[in-house]
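None of the values given here were measured: they were computed from a predicted structure.
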Amino acid sequence: MTTKVVSKKRKHCFQMSNIENVRNIGIIAHIDAGKTTTTERILYYSGKISRIGDVDEGTTTMDWMDQERERGITITSAATTCYWRGHKINIIDTPGHVDFTAEVERSLRVLDGAIGIFCAVGGVQPQSETVWRQSEKYRIPRIIYINKLDRTGADFNRVVEQVEKRLQARCLVLQMPAGKESEFYGIIDLVENHMIIYPTESENDAIIEEIPDEMKQHTLLARNQMIEKLAENDEKIMDMYIGDKKIEPGIIKSAIRRSTLSNKLYPVFCGASLRNKGTKLLLDAIVDYLPSPVDRGDVFGEEPETGQIVARRPVVDEQTCILAFKVVNDIYFGRLLYARIYSGEIAPGIKLVNWTRKRKERVLKIFEVHANKFQEVEKAVAGDIVALVGLKETFTGDTLGVADSPIILEKMKFPEPVLRMKVEPKTKAEAEKVYQVLTKMSEEDPTFRLKIDSETGETIISGMGQLHIEVLIEKMKRQYNLEVRLGKPEVAYKETITQNATGTGKFIKQTGGKGHYGHVVIEIKPAPQDINFIFNSALKGEVIPAEFIPSIEEGIVEAMEVGPLRGYPVVNVEAVLIDGSFHPVDSNDIAFKIAASMAFKDAYAKAYPVLLEPIMKIEVTTPQQYIGEIIADFSMRGGKIEEMLDDGTYKIIKGFVPLRTIFDYPTVIRSLTQGRASYIIEPSFYQKISEEQLKKMDQIL
């Protein structure tokens with residue numbers, strides 16, 4: 001793995017008036033839909049790279065990690081920048097595997113638009129659905145690209161129907177394929193009302209022709225449907241349509257853009273990226289229909305002291321506001337922060353404040369990123385996505401700005417890890433180094449957790465799945481030359497409470513001189529599943545000085561890390577400080593922290609605690625003849641089938657299953673279906689473990 005600066009420092013290409021010409025977009029899709037292949041063509045035809053790489057050969061620009069090239073999948077989000085028709089396009093190619101969902105989440109948080117890529121054969125696959133829902137959370141305008149139309153079994157119309165049905169997305173078909181499967185040779189452009197033919201495997205040789213007579217009727221019908229759909233969502237088009245006026249392509253494009261930016265419609269394009277068909281048209285679509293930072297409007301956050309909502313405009317002459325969305329420990333540059341500049345501008349040497357953590361920071365260098373290569377720039381302005389060097393105490397999700405303009409943007413939320421493993425170094429001499437590297441990796445990846453078991457002293461790592469942990473351990477070996485031994489996978493159970501309860505904690509200690517005094521009374525209540533912990537104070541008067549309140553919260557949080565029931569983390573709890581007392585001389589932060597921990601444990605024992613286990617969402621696509629075996633195995637694992645769909649000769653089974661029962665699933669399903677079934681498993685929610693299973697766990701222990 002190599003990283004280097006590819007050129008000397010250069011001036012910023014875009015001035016203030018050009019922010020409308022910036023596009024910050026992401027490529028999102030299920031694994032193997034063609035994200036990286038499509039990005040490779042976009043970079044080639046925009047002139048960013050001079051040679052097209054191949055995923056199977058491990059020569060693509062964006063899959064630069066050794067593991068990505070060996071496995072043929074995207075593991076880490078890769079950023080790059082290219083230029084098309086006078087527009088600057090910042091692209092993030094995201095992973096398609098569910099174990100790396102955090103990479104998708106933090107990329108979508110800072111993007112303005114996205115391209116959802118769907119395989120013309122596979123259609124809407126499970127992870128397609130997941131990433132689409134993630135993008136909906138941020139209301140990101142999207143266009144749809146149906147790829148691999150040259151493959152056997154490709155069906156453009158079927159995929160459009162699936163998108164509308166499964167994703168509840170109103171598709172606006174702007175292109176149609178000419179030819180089918182291996183005979184796919186061109187694209188009908190419904191907006192311009194002509195055909196693009198590809199006589200060679202280079203898009204530069206594409207020819208624009210009139211639509212053949214035998215296709216005119218079908219094209220006319222599809223074009224009328226496009227205009228009717230636009231008219232339903234755009235008053236200008238509606239007036240022209242009702243008045244039977246001629247609607248020029250330029251007017252149609254403007255209406256498409258308005259409907260796309262408002263998330264009313266999702267334009268659909270088509271192609272075969274591997275065969276160099278359709279990606280230059282996709283570049284045009286990015287410029288024509290996806291939003292600029294200006295289109296997305298002001299960004300809103302909280303003023304840290306007052307909690308008031310404040311806004312920042314996406315312009316250079318606004319106070320600087322930056323969101324850090326990714327930490328990377330690079331072997332050449334050290335700690336790199338990937339960041340989105342929402343407003344203002346920065347230059348090397350600028351002093352900033354991390355408003356999330358109230359820390360002062362200084363930017364030493366600014367880089368434009370191209371996968372694993374970096375180009376130093378003299379400044380970055382509103383709309384840019386860059387890498388920063390010099391920020392020592394900034395982490396994923398932190399907001400930075402200038403000293404006189406505080407703001408904290410909404411933080412990103414990441415799923416909780418569901419799999420744990422014990423890890424130990426090969427030699428005792430490497431123990432400290434292993435811990436340091438694991439700590440660095442947990443800073444980089446919010447879904448990778450590290451902790452030391454207080455009773456056994458063992459190092460425990462947690463992640464989203466076996467592939468997730470395997471990739472990180474392999475990275476440790478390759479990048480840091482460290483090998484470790486992994487224990488067997490374990491379920492990352494949680495604990496929670498089912499009733500309200502009150503607890504008291506008193507910590508009084510005399511040491512001959514100044515003593516310790518802390519007295520805390522708290523009430524704990526069950527909180528919603530999507531909230532790990534809430535803390536509030538309901539104290540009246542100066543029962544406890546305000547300066548000790550943060551220490552009380554800290555004491556409760558630490559007590560929740562190891563639940564009294566089984567030693568697992570406690571979640572979904574609301575804690576309210578309702579009473580207590582203090583000593584004017586002996587009270588201090590440590591005393592109140594310990595007292596709060598004691599009060600929590602006292603209340604927890606009375607709140608009828610229960611154990612929670614992770615439940616996984618599972619979707620299996622299998623040939624019809626194996627459906628009986630799949631269902632029987634599913635039932636044996638305690639799974640619950642929610643839905644069964646027919647997809648031609650295949651059956652799709654959707655349901656939920658406890659994580660503890662599926663560690664052997666890859667081997668078993670391969671055996672049951674002779675390797676012909678595919679599946680995807682992802683974390684869904686936690687639920688109370690049954691008494692029967694609890695007894696079994698007790699017997700094992």
Side-chain angles (χ1 to χ4, degrees), residues 12-29 35 38-49 61-62 77-94 104 106-117 131 135 138-145 174 253-254 256-263 265-269 271 273 278-299 313-316 323 325 338-343 368-371 375 377 380-387:
H12 195 276
C13 287
F14 281 78
Q15 302 303 319
M16 178 172 59
S17 60
N18 295 110
I19 294 174
E20 292 89 347
N21 292 345
V22 173
R23 301 288 183 269
N24 291 315
I25 67 160
I27 312 288
I28 58 173
K35 296 182 306 300
T38 302
T39 307
E40 195 76 6
R41 270 65 185 172
I42 285 173
L43 295 177
Y44 176 74
Y45 288 111
S46 65
K48 182 71 177 184
I49 57 176
T61 304
M62 302 302 274
S77 295
T80 189
T81 300
C82 65
Y83 298 86
W84 186 253
R85 284 172 40 194
H87 288 68
K88 178 180 182 180
I89 304 173
N90 297 316
I91 303 171
I92 297 183
D93 177 21
T94 64
V104 182
R106 58 184 171 190
S107 299
L108 290 172
R109 174 65 180 84
V110 298
L111 294 172
D112 298 320
I115 303 172
I117 299 183
V131 295
S135 62
Y138 298 112
R139 291 199 53 78
I140 295 174
R142 281 145 282 169
I143 60 176
I144 292 166
Y145 176 63
L174 303 185
K253 286 183 179 181
S254 297
I256 293 169
R257 181 173 180 80
R258 289 192 293 272
S259 295
T260 305
L261 298 189
S262 61
N263 283 295
L265 295 172
Y266 300 95
V268 179
F269 304 88
S273 297
T279 48
K280 287 180 77 172
L281 299 178
L282 194 58
L283 270 164
D284 285 335
I286 292 168
V287 168
D288 290 337
Y289 306 125
L290 288 178
S292 71
V294 175
D295 294 316
R296 291 289 279 167
D298 295 356
V299 62
R313 294 176 299 126
V315 293
V316 175
L323 182 70
F325 68 93
Y338 283 58
R340 162 75 187 263
I341 317 295
Y342 278 101
S343 62
E368 185 180 272
V369 183
H370 179 51
Q375 185 173 53
V377 294
V381 303
D384 282 346
I385 293 176
V386 292

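The shortest heavy-atom contact between Tyr266 and Ile144 is CB-CD1, 3.8 Å. Here the closest heavy-atom approach between residue Leu290 and residue Pro141 is recorded as CD2-O, 3.7 Å. The heavy-atom pair separating Cys82 from Ser46 by the smallest distance is CB-OG, 3.2 Å. In terms of heavy-atom proximity, Ser343 sits nearest to Ala382 at CA-CB, 3.8 Å. Among all heavy-atom pairs drawn from Ile89 and Leu283, the shortest one is CD1-CD2, 3.9 Å. In this structure, Ile341 and Val381 approach most closely via the heavy-atom pair CB-O, 3.4 Å.
Residues meeting the side-chain hydrogen bond (donor to acceptor under 3.5 Å, both in side chains) test with Tyr145, sequence neighbours left out: Ser273. Remark: Val299 engages Arg312, Tyr342, Leu409 in a side chain to side chain contact (heavy atoms under 4.5 Å, CB included) (not counting sequence neighbours).
Taking CD1 of Ile27 as the start and CG of Leu282 as the end, the distance is 7.0 Å to the nearest 0.5 Å. Here OG of Ser292 is found 11.0 Å from CG of Asn18. Values are rounded to the nearest 0.5 Å. From Thr80, atom OG1 reaches atom CD of Glu368 across 7.5 Å, with rounding to the nearest 0.5 Å. Atom CD1 of Ile115 sits about 7.5 Å away from atom OG1 of Thr39, to the nearest 0.5 Å. If you take CZ on Arg23 and CG on Asp295, they are separated by 6.5 Å, rounding to the nearest 0.5 Å. Of the inter-residue distances, the one linking Gln375 atom CD with His370 atom NE2 reads 10.0 Å to the nearest 0.5 angstrom.
Looking at heavy atoms from C-beta onward, Ile385 lies in side-chain contact with Phe325 at the 4.5 angstrom threshold. A heavy-atom distance below 4.5 Å is found between the side chains of Pro314 and Asp298. Between Phe269 and Leu174 the shortest side-chain heavy-atom distance falls below 4.5 Å.
Checking side-chain atoms of Arg257 against main-chain N and O of Asp288 turns up a donor-acceptor pair under 3.5 Å. With Asn263 contributing its side chain and Arg139 its backbone, the two residues share a donor-acceptor pair below 3.5 Å. Side-chain atoms of Arg340 never come within 3.5 Å of backbone atoms of Leu323 as a donor-acceptor pair (strictly under, hydrogens ignored). Under the 3.5 Å distance criterion, the side-chain polar atoms of Lys88 are left unmatched by any main-chain donor or acceptor of Thr81.
When Ile140, Asp112, Thr260 are each tested for a side-chain contact (heavy atoms from CB on, under 4.5 Å) with Pro291, only one passes: Asp112. When Asn90, Val110, Ile92 are each tested for a side-chain contact (heavy atoms from CB on, under 4.5 Å) with Asn24, only one passes: Asn90.
Salt bridge status for Lys253 with Asp284: absent, with no side-chain N to carboxylate O gap under 4.0 Å.
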